[in-house]
Amino acid sequence: MEAAFGATALLHPFKTQNPLLLPQAKLPDKAKYPSLKRVRSCSISSISTDKEPVLAEDWSRLLKLSIGSGNFLLGQAIHAFLIKSNSTNDAFQGNNLLNFYAKFNELGDARKLFDEIPVRNTITWTTLIKGYLDNEDYKSVFGITHDMCFYGEKFNEHTCSVILEACREEEDLIRGGQIHGFVIKSGIQQNVFVGTSLISMYSTSGFLNEAEKVFDNIGFKDVQCLNYMIFQYGKAGCMEKAFRVLVDMLSSGLEPTDYTFTNIISTCSENVGIDEGRQLHGLAVKFGVVNVTSLGNALITMYGKLGMVEYSERMFYSMSEKNLISWTALISGYVRSGCGENAVHMFLELLDQGIYCDSGCLVTVLDGCSECRNLDLGVQLHAFVIKVGHLCDGNIVTALVDMYSKSDNLTSAKIVFDGFSNKNIALFNAILVGFMVTKRDDNEDAMVLFHQLRLGGIKPDLVTFSRLLSLSANQACLVKGKTLHAYTIKTGFEAELTVSNALITMYAKCGSIKDACQMFNGMNGHDSVSWNAMVSAYSIHGQGKMALLLFKEMKSEGIAPDEITTLAILQACSYNGLWQDGICLFNEMESNYGIRPVIEHFACMVDLLGRAGRLPEAMNFINNSPFPDSPLLWRTLVSVCKLQGDLGFGMLASKKLLDLSPAEAGSYILVSNTYAGSGMLDEAAKVRTAMNDLNLSKVAGCSWIEIDNKVHCFVASDNDHPESREIYAKLDLLMDEIRWKNCDTKNAHFIGEIV
DNA sequence: CTAGGGTTAG
């Protein structure tokens, strides 16, 4: 490549700014530099001293040596020699010295030297710019670039690479674009250094398309460049392109490095399949890089994400050099695979070995505790965290709040939450889980907290809105839901798919199918969650036909139904007497849609058959299912027998249920209610007594309604409400009306049950 | 002759 190109015109905007005044070159103050005597004590044995002349190349080599070995004194000594031999005016020696000071980050000395060099060339300028770049002084980089233009100095590939790096760091795409234009105009876009710098700048700023164009124009792409492109493709989720680059690299005979595999594995392991994953592992072995610790760590993580934690284990134990990340990766794999016990065990082993455990590792272990519901160890870890002084770490505090929240221990979650002053949105989202999980009637309102945080200047994100909406949906609180909807519109989060989906569910559960529908129809696009939400909405609103219609539409749009879709459809069929459709769907789930029914589907089918009045079939269905001894299925059968008022089957099913789950209060209550519903009050009382003898009790279920911001809560048969008498009177009236309108009074058994 | 690019693992 020819040396240089005029860049002045292109960088015109710099031109009018203050030019740097270049002083006359003058010799440095000799007193500042070490004496020759001292230089000799640096044991420069390879230099012949005063007798023989030293070649310019030798000085250059020695300066490189001083940089490579970090020996600043040696470089200074050489500087002194060069002053003595009057060689500093030479551009070659001057540049070498300049580079030396720049590399040692002595920008003051570098600048002084630069000003003293009488004849500067492109290399001189580039070296100085690079010095400021390494010093992260981007203002000076651009300032000197401007001066370089002003003095008509030519830019070459080296200069461009350096300036582009500064543009990347400052995310200055205006200057970067100017350089890019210059690069194209001067025909150096094929240069792999310039190309990689441009790719780095564009992809860091999120312009992968631009980066890709640059990539395609590079003449010869070396491994470094290819590795980087793999990394960026993978990070952007373009897995196929990342693999394409790898394949091209291999077929062109270039040898991949450990980075090649670490990059592709770490960025793609979320989506990589078992086959690809193992092939990558195999290639890493083949190219002899598998022993690199970071690559091993990436493999541990990959296997963990693939659900093959035993491979993670094997990887871990085969590694010759492990570090804390290896341990954390394996623990994380255990957590992900639901092996919380192993995760905890591994952590204790880590402590035993006396390895320092950082906050990232603690967070992973805390996640393990919440995953395996090991609150005992979680509490111990909490103590440990306090002891080692990590309670000021936001990530750890969030993990603790998350753990207590998921363990239905909102009180502890709140204590940790309140005790941390530097709150952020992740922490708030974690405690929302606590509000979602807790069943108790909590006076603390998530919405109040939400407003406090907003006042504190913390911005909600889409997780916040999804969770708050889910909360108001479960509380069936339309007012809160609508308030939140307004917030999402104001903040622009309404357009986010997860938020829109949460809004559909909120409106459906709060009783407004119309708003749910409007939400669904107003969206820009739907994912499977949107469809599921809308199908469920119709289902719980008793509009089975609409649910089935939407199901058809969903399929014609090319969206594959999943477990949730089919469950919602089965429910819709069950509630709406569409039992033939339900049976049909259940039978073709696996063959048509590749969905293997899980226990919830079976429970739904029991309900469906029972509601269709086919109780013997329902019982057969359970016995022939993969879960003949599942309390869930028998409980469902007992419920539906009660609903049908079929005492014979009800008793059969009840007996089986009590055999299967003798320690569950819910089962006793259900059975007792079945007897009571058929008028067998003595039998009912016996079951209740048996339950009490076992010291079982169940928190009473309650219903509630919110009127004018006040929640009115009701438990069966209670008289707590101030207007209790009026309410019961109205209920009696309603019951009469139902009996009058519907001679079949079976449904009336709902009223007057013991709970 | 002297100056230039990049990404790691939880």
Side-chain angles (χ1 to χ4, degrees), chain A residues 1 3-4 55-61 63-64 67 90-100 102-103 117 120-131 133-134 155-165 168 188 191-201 203-204 211 214 218 221-235 242 257-267 269 289 292-302 304-305 312 315 319 322-333 335-336 357-365 367 395:
Chain A
M1 188 64 57
L55 294 173
E57 286 75 14
D58 291 334
W59 293 121
S60 171
R61 234 171 276 141
L63 277 170
K64 264 195 187 148
I67 294 167
D90 175 57
F92 174 62
Q93 295 297 18
N95 288 346
N96 277 330
L97 274 171
L98 185 59
N99 186 41
F100 157 74
K103 284 286 180 313
I117 295 176
R120 305 177 188 88
N121 57 23
T122 298
I123 296 174
T124 323
W125 286 90
T126 306
T127 306
L128 184 68
I129 293 173
K130 170 73 173 157
L133 179 74
D134 289 343
F155 286 31
N156 66 7
E157 312 92 306
H158 297 255
T159 325
C160 291
S161 309
V162 175
I163 301 168
L164 283 167
E165 198 185 326
R168 179 195 64 207
I188 53 171
N191 181 286
V192 69
F193 287 84
V194 176
T196 310
S197 305
L198 279 166
I199 291 171
S200 169
M201 178 185 76
S203 50
T204 305
V214 172
I218 296 174
K221 300 167 188 112
D222 60 12
V223 174
Q224 191 167 309
C225 176
L226 293 171
N227 283 351
Y228 187 61
M229 205 58 204
I230 287 176
F231 176 75
Q232 290 296 353
Y233 272 143
K235 223 169 66 163
T257 65
D258 55 324
Y259 275 101
T260 314
F261 297 108
T262 313
N263 286 351
I264 200 160
I265 289 170
S266 64
T267 56
S269 63
V289 291
V292 176
T293 303
S294 40
L295 175 52
N297 295 344
L299 282 166
I300 293 176
T301 306
M302 180 193 79
K305 286 183 181 170
S312 304
M315 193 64 225
M319 282 164 68
K322 302 186 244 299
N323 57 21
L324 182 60
I325 295 173
S326 326
W327 287 80
T328 313
L330 182 59
I331 292 173
S332 173
V335 172
R336 219 187 294 267
C357 165
D358 70 0
S359 68
C361 179
L362 275 171
V363 168
T364 307
V365 184
D367 286 347
N395 293 329

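Note that the structure is predicted; figures quoted are calculated from it, not measured. Excluded from the calculations below are hydrogen atoms, water molecules and symmetry mates; all remaining heavy atoms, backbone and side chain alike, are included. Chain letters run A, B, ... following the sequence lines, proteins first and then strands; every chain starts at 1.
The closest donor-acceptor contact from the side chain of A:Asn323 to the backbone of A:Ser326 lies under 3.5 Å. Proximity of a side-chain donor or acceptor of A:Ser200 to a complementary backbone N or O of A:Thr196 within less than 3.5 Å is not detected. Looking at A:Thr364, its side chain does come within 3.5 Å of a backbone N or O of A:Gly360 through a donor-acceptor pair. Under a 3.5 Å cut-off, the side chain of A:Ser332 and the backbone N or O of A:Thr328 do not form any donor-acceptor pair.
An OP1 or OP2 oxygen of B:dT8 is reached within less than 4.0 angstrom by no side-chain nitrogen or oxygen of A:Ser266. The side chain of A:Arg168 contributes an N or O atom lying less than 4.0 Å from OP1 or OP2 of B:dG6. Considering only side-chain N and O atoms, A:Lys305 lies nowhere under 4.0 angstrom from the phosphate OP1 or OP2 of B:dA9.
By the 5.5 angstrom centroid cut-off and the 30-degree plane limit, A:Phe92 is classified as not stacked against the base of B:dT2. Once the 5.5 Å centre distance and the 30° plane angle are applied, the aromatic ring of A:Tyr228 is found not to be stacked with the base of B:dG6.
Going from atom CD of A:Glu57 over to atom P of B:dC1 covers 10 Å, rounded to whole Å. Atom pair A:Leu97:CG and B:dT2:C1' shows a separation of 11 Å (rounding to whole Å applied). Nucleotide B:dG5 holds its C1' atom 9 Å from the CG atom of A:Leu164, rounded to whole Å. Atom CD in A:Glu165 sits about 16 Å away from atom P in B:dA3, given to the nearest Å. For the pair A:Met201 CE and B:dG6 P, the interatomic distance rounds to 12 Å; values are reported in whole Å. Rounded to an integer number of Å, the gap from OH of A:Tyr233 to C1' of B:dG6 is 16 Å. In this structure, A:Asn323 atom CG and B:dA9 atom P are separated by 12 Å, rounded to whole Å. B:dT2 atom C1' lies 10 Å from atom NE2 of A:His158, rounded to whole Å.
Nucleic acid contact class of A:Asn99 (heavy atoms, under 4.0 Å, all strands): sugar-phosphate only. Contact annotation for A:Lys103: backbone-only contact, meaning every heavy-atom pair under 4.0 Å involves sugar-phosphate atoms and none involves a base. At the heavy-atom level, A:Val192 lies under 4.0 Å from base atoms of the strands shown. Using a 4.0 Å heavy-atom cutoff across all strands shown, A:Cys160 reaches no nucleic acid atom at all. Heavy atoms of A:Lys64 sit under 4.0 angstrom from primed sugar atoms or phosphate atoms, though from no base atom.
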Q | Derivation of the side chain to side chain donor-acceptor pair (under 3.5 Å) call for A:Tyr228 and A:Gln224 | A | CA-CA 6 Å; A:Tyr228 187 61; A:Gln224 191 167 309; over 6 Å; no
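A donor-acceptor contact under 3.5 angstrom links the side-chain atoms of A:Thr328 to the base of B:dG10. Below the 3.5 angstrom threshold, one finds no donor paired with an acceptor across the side chain of A:Asn191 and the base of B:dG5. Between the side chain of A:Thr196 and the base of B:dG5, a donor-acceptor pair under 3.5 Å is found. Counting atom types as modelled, A:Asp358 pairs a side-chain N or O with a base atom of B:dG10 as donor and acceptor under 3.5 Å. Taking 3.5 Å as the limit, the base of B:dG4 and the side chain of A:Glu157 contain no donor-acceptor pair of atoms between them.
Looking at the side chain of A:Ser60, the nearest of the listed nucleotides B:dA9, B:dT2, B:dG5 is B:dT2. In the set B:dA9, B:dA3, B:dT7, B:dA9 carries the atom at the smallest distance from any side-chain atom of A:Thr293. Distances from the side chain of A:Ser332 to the nucleotides B:dT2, B:dG5, B:dG10 place B:dG10 closest. Checking B:dA9, B:dG5, B:dC1 against every side-chain atom of A:Ser161, the shortest atom distance belongs to B:dG5. Which of B:dG5, B:dA3, B:dT7 sits closest to the side chain of A:Phe231 comes down to B:dT7. For A:Thr127, taking side-chain heavy atoms from C-beta onward, the closest of the listed nucleotides B:dG4, B:dT7, B:dA3 is B:dA3. When the nucleotides B:dA9, B:dT2, B:dG5 are ranked by their closest atom to the side chain of A:Asn96, B:dT2 comes out on top. Distance from the side chain of A:Asn227 is smallest to B:dT7 among B:dG5, B:dT7, B:dG10. Looking at the side chain of A:Ala298, the nearest of the listed nucleotides B:dG4, B:dA9, B:dT7 is B:dA9. Residue A:Lys130 has its side chain nearest to B:dG5 when only B:dT7, B:dG5, B:dA9 are considered.
Under 3.5 Å, the side chains of A:Asn121 and A:Thr124 contain a donor-acceptor pair of N or O atoms.
By the ring pair (Phe, Tyr, Trp, His ring centres under 6.0 Å) test, A:Phe261 is found to be paired with no residue, residues two or more places apart in sequence or in another chain being considered.
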